[in-house]
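Here the structure comes first, spelled out in structure tokens, and everything after it is commentary.
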Protein chains: 2
Amino acid sequence: MPPGLKDVAARAGVSIKTVSNVVNGYVHVAPATRARVQAAIDALGYVPNLAARQLRSGRSGVIALAVPELQSPYFAEIAGLIVQAAERRSWTVLIDQTDGQAERERNLVAGLRRHAIDGLIFSPLALAGEELTQRDGTPMVLLGERVWHGPADHVAIDNTAAASDATRHLTSLGRRRIAAIGVQDRASAVTAHQRLAGYRAAVASAGLRTDPALEMPVEGFHRADGAAAMARLLDAAEPPDAVFCFNDLLALGALRTLLSRGVRVPEDVAVIGFDDIEDGRFSTPTLSTVAPDAPRIAQLAVDLLAERLGDGPAAAGAPRELRVDHRLIVRESTTGATPRP
Amino acid sequence: MPPGLKDVAARAGVSIKTVSNVVNGYVHVAPATRARVQAAIDALGYVPNLAARQLRSGRSGVIALAVPELQSPYFAEIAGLIVQAAERRSWTVLIDQTDGQAERERNLVAGLRRHAIDGLIFSPLALAGEELTQRDGTPMVLLGERVWHGPADHVAIDNTAAASDATRHLTSLGRRRIAAIGVQDRASAVTAHQRLAGYRAAVASAGLRTDPALEMPVEGFHRADGAAAMARLLDAAEPPDAVFCFNDLLALGALRTLLSRGVRVPEDVAVIGFDDIEDGRFSTPTLSTVAPDAPRIAQLAVDLLAERLGDGPAAAGAPRELRVDHRLIVRESTTGATPRP
DNA sequence: TTGTAGGCGTTATCAT
DNA sequence: ATGATAACGCCTACAA
């Protein structure tokens with residue numbers, strides 16, 4: 001029904017090869033011919049059929065991005081940035097939501113959509129280590145975690161160092177009882193483990209004792225989890241005077257609990273988060289946090305994939321680990337003053 | 001390189017047609033044959049090539065969803081819900097971010113990706129009315145706006161009524177100077193126009209006078225816009241005692257300005273938003289708002305598309321308009337009390 | 001510089 | 001119940 005190479009060729013009075021040459025910008029086409037063909041293309045509204053092209057070339061021009069959930073502002077931001085970076089290479093991005101389910105993540109790694117996708121950028125939540133080995137040959141770039149000698153390329157910040165930075169900010173403010181919200185037991189919860197390690201290191205190096213009662217476990221990394229964990233902390237015998245939350249959503253939830261109970265932030269309890277999502281810039285008080293260089297993460301992930309997809313020498317090399325910067329952002333929740341109504 | 005029908009056929013000692021029959025669940029295949037073919041499929045790890053299938057069938061199994069921006073929690077939520085609804089029909093969703101740029105939206109409507117996509121669910125921002133007429137035959141479902149006698153199917157809430165509900169909630173609380181944040185001039189800003197109309201209607205029917213000084217224009221619908229508009233309102237000669245913000249992000253920004261200036265919410269100024277995003281359930285104070293039935297919007301959009309894509313009688317009918325419910329959600333920002341630190 | 005022919009992996013038609 | 005074969009639309013040797 002839609003016009004094909006054949007139709008254009010007929011209208012322009014040339015062969016389909018010539019039309020194909022024009023479409024693909026082949027140089028050796030007589031100007032007059034080119035003009036005639038172009039006119040026919042425009043008149044017919046010809047658009048190349050991507051399915052046919054892919055069938056021939058084996059390339060779809062589509063890469064997949066798999067994230068735990070789009071609702072989470074951090075992942076939504078990363079997704080937007082990756083789409084932009086991919087666009088510069090005229091790739092289309094297929095966004096996949098895993099909901100953190102191991103089954104779905106396994107499918108992805110096994111190569112679910114196989115022929116339909118040229119590469120995969122993957123932020124795993126339920127899987128770690130060996131399970132992340134790609135079965136089919138689709139190139140994959142891992143996001144967000146440092147998997148030790150991992151089987152695939154990955155790009156991440158130094159989670160442990162960043163967590164230490166956040167915690168050290170609190171100790172440098174003179175806080176002595178610093179809680180952590182976001183602990184997770186599962187072996188695959190690499191983020192949580194790394195941030196906990198960074199927190200403990202900073203606490204210890206400030207000469208404070210780590211206290212299991214201050215390390216709060218959570219189900220997920222959402223506002224509700226943070227709010228609940230903070231409530232438990234406040235109900236304990238010795239409440240903290242500062243809290244490091246493993247992401248901003250947890251921190252915003254904690255903030256909610258504190259403020260609704262009339263606890264002053266930061267006077268009574270200082271709060272710092274992680275991710276630098278937009279919400280934290282407009283909460284009351286505004287939220288101190290650690291900001292990963294998200295635009296750079298997105299750009300590097302796409303670049304890495306491009307290398308693997310290209311036919312340069314880098315295409316077949318060993319897995320690479322790229323480190324991205326982070327920085328501490330100090331706002332009211334650690335150094336401000338509670339406004340008096 | 002990956003195995004095809006041919007390879008499976010060779011291994012099972014049958015023709016490719018038989019393999020195809022097995023793959024597609026055709027009924028008339030001898031059980032013994034089916035078993036033999038299935039064994040070969042498993043052994044070889046055969047996966048159908050979607051490009052070839054599409055080339056044949058003309059169907060890709062992919063629909064596109066175009067939203068202004070994923071960063072916006074409301075659109076992120078809608079996107080997640082649509083992906084889930086599409087999954088139930090084993091469709092894949094390609095998410096497209098228009099950034100509200102007219103050019104990109106025009107491309108979409110003109111049929112940018114043409115052959116690659118079976119249908120389009122589109123939440124327009126820059127385009128309206130006639131410009132939304134589909135040029136190629138790809139079925140399209142419009143989201144979020146009521147375009148009068150529009151050229152395509154669409155599903156939306158009654159924006160004007162919902163805005164009136166929000167405003168009426170404020171008047172019923174005895175507020176007399178009610179501001180609106182979110183006014184936009186552009187002819188295409190249908191949402192803003194409809195919510196403004198609803199606001200004015202409710203103000204008038206409460207026996208109050210509408211006042212241009214209370215109708216605040218904004219660039220976009222983000223927190224920063226709301227914060228700035230609120231600041232201007234507070235600096236005016238007669239500040240309002242209540243504000244209706246055209247979405248929750250604006251409201252959260254307004255909240256930030258109010259609280260940082262020591263204005264009590266809701267005692268001094270009551271605030272209500274629109275969308276019911278998660279942030280509003282954890283802000284301090286929690287945010288009163290109008291909640292569209294998002295899951296239903298997503299489900300209906302996908303169902304509508306399915307009808308057009310099917311070959312039933314509904315596939316060719318006139319454009320349909322589906323109305324979705326909304327409800328008022330009352331929280332602390334209108335009826336609570338400021339906690340005293 | 002341009003044309004011809006074959007094949008990418010499926011599905012559909014028509015035999016058998 | 002199963003097999004042979006012809007498209008689907010494009011690209012690329014190879015030929016002219």
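Proteins get letters first, then strands, A, B, ... in listed order; numbering begins at 1 in each. All of these numbers come straight from a predicted model, not from anything done at the bench.
The stretch residues 10-20 of chain B touches DNA chain C through B:I16, B:K17, B:S20, each having a heavy atom under 4.0 angstrom from the strand.
The distance from atom CG of A:N24 to atom P of D:dT12 is 7 Å, rounded to the nearest whole Å. Rounded to whole Å, the distance from CD on B:Q54 to C1' on C:dT11 is 14 Å. Across the protein-nucleic acid pair, B:D7 atom CG and C:dC8 atom C1' stand 13 Å apart, rounded to whole Å. Put simply, NZ on B:K6 is 14 Å from C1' on D:dA4, counting in whole angstrom units. Separating the CG atom of B:L55 from the C1' atom of C:dG7 is a distance of 12 Å, rounded to the nearest angstrom. Between A:N21 atom CG and D:dC10 atom C1' there is a gap of 12 Å when expressed in whole angstrom units. Between A:L5 atom CG and C:dT2 atom C1' there is a gap of 14 Å when expressed in whole angstrom units.
For B:V29, the side-chain atoms get nearest to D:dT2 when compared with the rest of D:dT2, D:dC11, C:dT11. Checking D:dC8, D:dT2, D:dC11 against the side-chain heavy atoms of B:R56 singles out D:dC8 as nearest.
Side-chain N/O atoms of A:R53 include none lying less than 4.0 angstrom from OP1 or OP2 on D:dG9.
Judged as a salt bridge (charged side-chain N to carboxylate O under 4.0 Å, His left out), and not counting sequence neighbours, the contacts of B:R89 are B:D303. Every residue meeting the side chain to side chain donor-acceptor pair (under 3.5 Å) condition with A:Q38, not counting sequence neighbours, appears here in chain and number order: A:D42. Every side chain to side chain donor-acceptor pair (under 3.5 Å) that B:E87 has, sequence neighbours left out, goes to A:R104.
Of the two residues contacting DNA chain D, namely A:G4 and B:H28, the nearest-nucleotide position lying further toward the 5' end is that of B:H28.
In the helix from C:dT1-D:dA16 to C:dT16-D:dA1, the rotation axis of the first five pairs and that of the last five pairs differ in direction by 40°, rounded to 10 degrees.
Note on A:R296 versus A:D325: no salt bridge recorded, every NZ/NE/NH1/NH2 to OD/OE distance being 4.0 Å or above.
Once rounded to the nearest 0.5 Å, the distance linking CG of B:D153 with CG of B:L143 reads 11.5 Å.
Applying the ring pair (Phe, Tyr, Trp, His ring centres under 6.0 Å) definition to pairs two or more places apart or across chains, those involving residues 20-43 of chain B are B:Y26-B:H28.
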